[in-house]
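Notes follow the structure.
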Amino acid sequence: MPRDAGVDSLLRDISQLGEAYQHGEQGARERLMSSCQTLFSSLMLPAENMLMTQWAYPTHNAVIRLGLDIHLFEALLGDEDATGDGNTDTKEGGTTFKSQSTSAIAARTDPKAEPSLVGRMLRHLAAMGTVRETGPDEFVATPFARALTLESFRDTVLFIQDDYQPCVTGWPAFFARSGYVAPTSSLDTPFTLEKGCSGQLNYFEFFGQRAPLMGKRFASMMGVWSRDRRKWFEAGYYPVRERLIEGVAGFRGEAADGEEVFLVDVGGGSGHDLRQFMEKFRDDIPGKLILQDRPEVVELADTGAGIRKMGHDFLSEQPIKGARAYYLHSIIQDWGDETNVQILRSLIPAMKKGYSKILINDYVVPNEGAHWLQTSLDCELMSTLGARHRTEAEMRSMINGAGLTVTGIFRHPLSLDCIVELE
Ligand SMILES: C[S@@+](CC[C@H](N)C(=O)[O-])C[C@H]1O[C@@H](n2cnc3c(N)ncnc32)[C@H](O)[C@@H]1O
């Protein structure tokens, strides 16, 4: 086969990025991953690509899913005190993982699975990079395999594979019916078609009224989705002190009534954003933190001390008046323009002029070169809520239509999302 010039230049980039990564340069890891991914797909032949995407990925997912049922990932971690049988220690991301034999892993599965089935599952997981093979019939967990023992990761796999994926499998039926037109109503989507609630309940109403467990798993998935991303309040992203904290009465020793609300997380789900915000700023937060969402969602949220929970429908007037900021994370992306204008207008009567701000934390997608995280979420939004991502021009026009003004768009150099600040 003739060599591809694109591949040659990718190889040069990867070599330079590899050095930058070894020197700990900011952003080198992300750029290296992206170049490696492009290199991988450039090198793959069409039939290999076919088999990888259509065969290997789905069966990898199926092995992970079945692995949860038999507690394969817990079995793989073994017993902290396990010794003998030739186990070797492997360092990954600062944690020591022990190598385990297939028979030892199979013996710890629960319910007990046939050792040869466990061996076949482990070999596919190893081929796909989820576990590592350290010798014949010997495996060690990667950080991802270890994370699959966490409740939030288990919930995420169960939500995506059991609750969400069937509506993606139903795309051909939905689009044949719609005449190959993308959905624009949250009441008529591949999700509502698959769940039999078209015209009656949207995605979130379905969780609340028919599938509370699904709602809990969804909230866990949102936490996992945010987990390794740059937080909006981190250094180099949105300047929280300069733009929010310093403008609050009482911050400079002026009189404050102690009742001020600093931040309302509107549609804040499980409260993970406020919890992390609290951990970072603690005693510097000049006012109360309030988590709002649908009543059944806030009820499940484990916010800990210092965060007040409140059931509130964001389509109706905001009851917390004069907060320093109203934060909307992954809310605007969920809805069409009409609903978003209603969500934003419901906040306006509560805002103190010249003081309160709205912070929209969403992806604002580029016209070209969107990341797979953005494009796959766009597919998810289309499938579940008949929604879609917006470009900056589309976002600005929607916001102006609600009678608000964009006062800044803030991004971390390594984040795919941004904060759109409004007054
Ligand atoms: C995509 S999630 C985002 C959750 C959270 N902000 C985060 O980033 O993890 C959308 C949230 O909007 C909430 N929601 C949907 N409809 C709502 C409504 N009418 N009023 C209040 N919250 C609503 C859902 O329950 C869900 O928690």
Side-chain angles (χ1 to χ4, degrees), residues 152 155-156 159-160 163-164 186-187 189 191-192 197 201-233 263-277 289-303 307 309-320 325-336 338-347 350 358-363 373-374 376-389 415-420:
S152 57
D155 273 357
T156 302
F159 178 78
I160 293 175
D163 304 331
Y164 164 69
S186 61
L187 292 177
T189 65
F191 181 85
T192 62
C197 62
L201 301 173
N202 72 33
Y203 188 51
F204 298 112
E205 290 164 344
F206 181 82
F207 299 161
Q209 294 185 31
R210 300 217 190 136
L213 179 60
M214 211 183 267
K216 182 221 166 223
R217 290 169 174 174
F218 171 83
S220 290
M221 181 189 71
M222 290 308 299
V224 169
W225 185 61
S226 288
R227 200 173 118 124
D228 293 328
R229 284 162 51 203
R230 300 281 155 172
K231 308 287 175 283
W232 65 281
F233 46 77
L263 190 61
V264 185
D265 189 354
V266 183
S270 66
H272 60 93
D273 279 305
L274 282 187
R275 273 199 308 276
Q276 288 167 10
F277 186 84
L289 302 181
I290 297 187
L291 173 70
Q292 291 180 339
D293 206 293
R294 296 169 57 89
E296 71 275 8
V297 177
V298 280
E299 197 187 317
L300 287 179
D302 174 18
T303 46
I307 298 170
K309 302 199 286 186
M310 181 179 182
H312 169 63
D313 178 355
F314 54 42
L315 295 170
S316 57
E317 186 176 319
Q318 175 57 242
I320 302 294
Y326 298 89
Y327 173 68
L328 299 157
H329 187 189
S330 300
I331 300 298
I332 295 302
Q333 65 178 20
D334 284 353
W335 307 98
E338 213 177 299
T339 307
N340 281 327
V341 165
Q342 195 182 340
I343 293 172
L344 294 173
R345 285 198 179 142
S346 303
L347 292 171
I358 296 175
L359 304 175
I360 296 177
N361 191 179
D362 259 341
Y363 290 154
L373 262 170
Q374 297 170 318
S376 55
L377 179 61
D378 187 54
C379 290
E380 197 265 348
L381 295 172
M382 175 166 71
S383 307
T384 54
L385 284 150
R388 68 187 173 87
H389 278 140
S415 67
L416 293 166
D417 58 10
C418 65
I419 286 281
V420 185

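Both counts, for ligands and for their atoms, begin at 1 and track the order of listing.
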message: Please report whether ligand 1 has a polar contact with Leu315, defined as an N or O pair separated by less than 3.5 Å (distance criterion only).
response: no
- request: Report yes if Met222 has an N/O atom closer than 3.5 Å to an N/O atom of ligand 1; otherwise report no.
  value: no
message: Taking 4.0 Å as the limit for heavy-atom contacts, which would you say applies to Gln292 with ligand 1: side chain only, backbone only, both, or neither?
response: neither
message: Checking a contact table here: which protein heavy atom is nearest atom 12 (O) of ligand 1, and how many Å away?
response: Ile331 CD1, 3.5 Å
task: Check step by step if side chain to side chain contact (heavy atoms under 4.5 Å, CB included) holds for Tyr327 and Phe277.
output: CA-CA 12 Å; Tyr327 173 68; Phe277 186 84; over 6 Å; no
- request: Find the distance between NE2 (His389) and CG (Leu377) and round it off to the nearest 0.5 Å.
  value: 4.0 Å
- line: In this structure, atom 8 (O) of ligand 1 is nearest to the protein heavy atom His329 ND1, 3.1 Å
task: Please determine if Trp335 has a nitrogen or oxygen closer than 3.5 Å to a nitrogen or oxygen of ligand 1.
output: no
- prompt: Nearest 0.5 Å, what's the CD1-OG distance between Ile343 and Ser316?
  reply: 11.0 Å
field: Top protein contact for atom 15 (C) of ligand 1, by heavy-atom distance
entry: Phe204 CD1, 3.3 Å
message: Taking distance alone, with N or O pairs closer than 3.5 Å, would you say Gln333 contacts ligand 1?
response: no
query: When Asp417 is tested against each of Arg230, Lys231, Arg229 for salt bridge (charged side-chain N to carboxylate O under 4.0 Å, His left out), which residue passes?
result: Arg229
query: Which residue supplies the protein heavy atom nearest to atom 4 (C) of ligand 1, what is that atom called, and how far is it?
result: Gly267 O, 3.3 Å
- prompt: So do Glu296 and Gln209 actually touch side chain to side chain, heavy atoms under 4.5 Å?
  reply: no
- prompt: Applying a strict 4.0 Å limit to heavy atoms, is Phe218 in contact with ligand 1?
  reply: yes
message: Under 4.0 Å, counting heavy atoms only: does Gly268 come that close to any atom of ligand 1?
response: yes
- request: In sequence, state the C-alpha distance, the side-chain angles, and the governing distance for Leu328 and Leu344, and then conclude on side chain to side chain contact (heavy atoms under 4.5 Å, CB included).
  value: CA-CA 10 Å; Leu328 299 157; Leu344 294 173; 4.0 Å; yes
query: Out of Tyr164, Phe204, Trp225, which one pairs with Phe218 under the ring-ring contact (aromatic ring centres under 6.0 Å, His included) rule?
result: Phe204
field: atom 19 (N) of ligand 1: the protein heavy-atom neighbour that sits closest, reported with distance to 0.1 Å
entry: Asp313 OD1, 2.9 Å
message: Counting non-hydrogen protein atoms only, what is the nearest one to atom 14 (N) of ligand 1? Give residue, atom name and distance.
response: Phe314 CE2, 3.7 Å
field: Closest approach of any protein heavy atom to atom 26 (C) of ligand 1, naming residue and atom
entry: Asp293 OD2, 3.6 Å
- prompt: Just distances here: any N/O of Asp334 and N/O of ligand 1 closer than 3.5 Å?
  reply: no
query: Is a side-chain N or O of Arg275 found less than 3.5 angstrom from the main chain of Ile307, in a donor-acceptor match?
result: no
message: Looking at ligand 1, would Glu205 count as a contact under a 4.0 Å heavy-atom criterion?
response: no
- request: Looking only at protein heavy atoms, identify the closest one to atom 9 (O) of ligand 1 and say how far it is in Å.
  value: His272 NE2, 2.7 Å
message: Geometry only, no angles: is Ser226 polar-contacting ligand 1 at N/O separations under 3.5 Å?
response: no
- prompt: Under a 4.5 Å cut-off applied to non-hydrogen side-chain atoms, are Asn202 and Thr192 in contact?
  reply: no
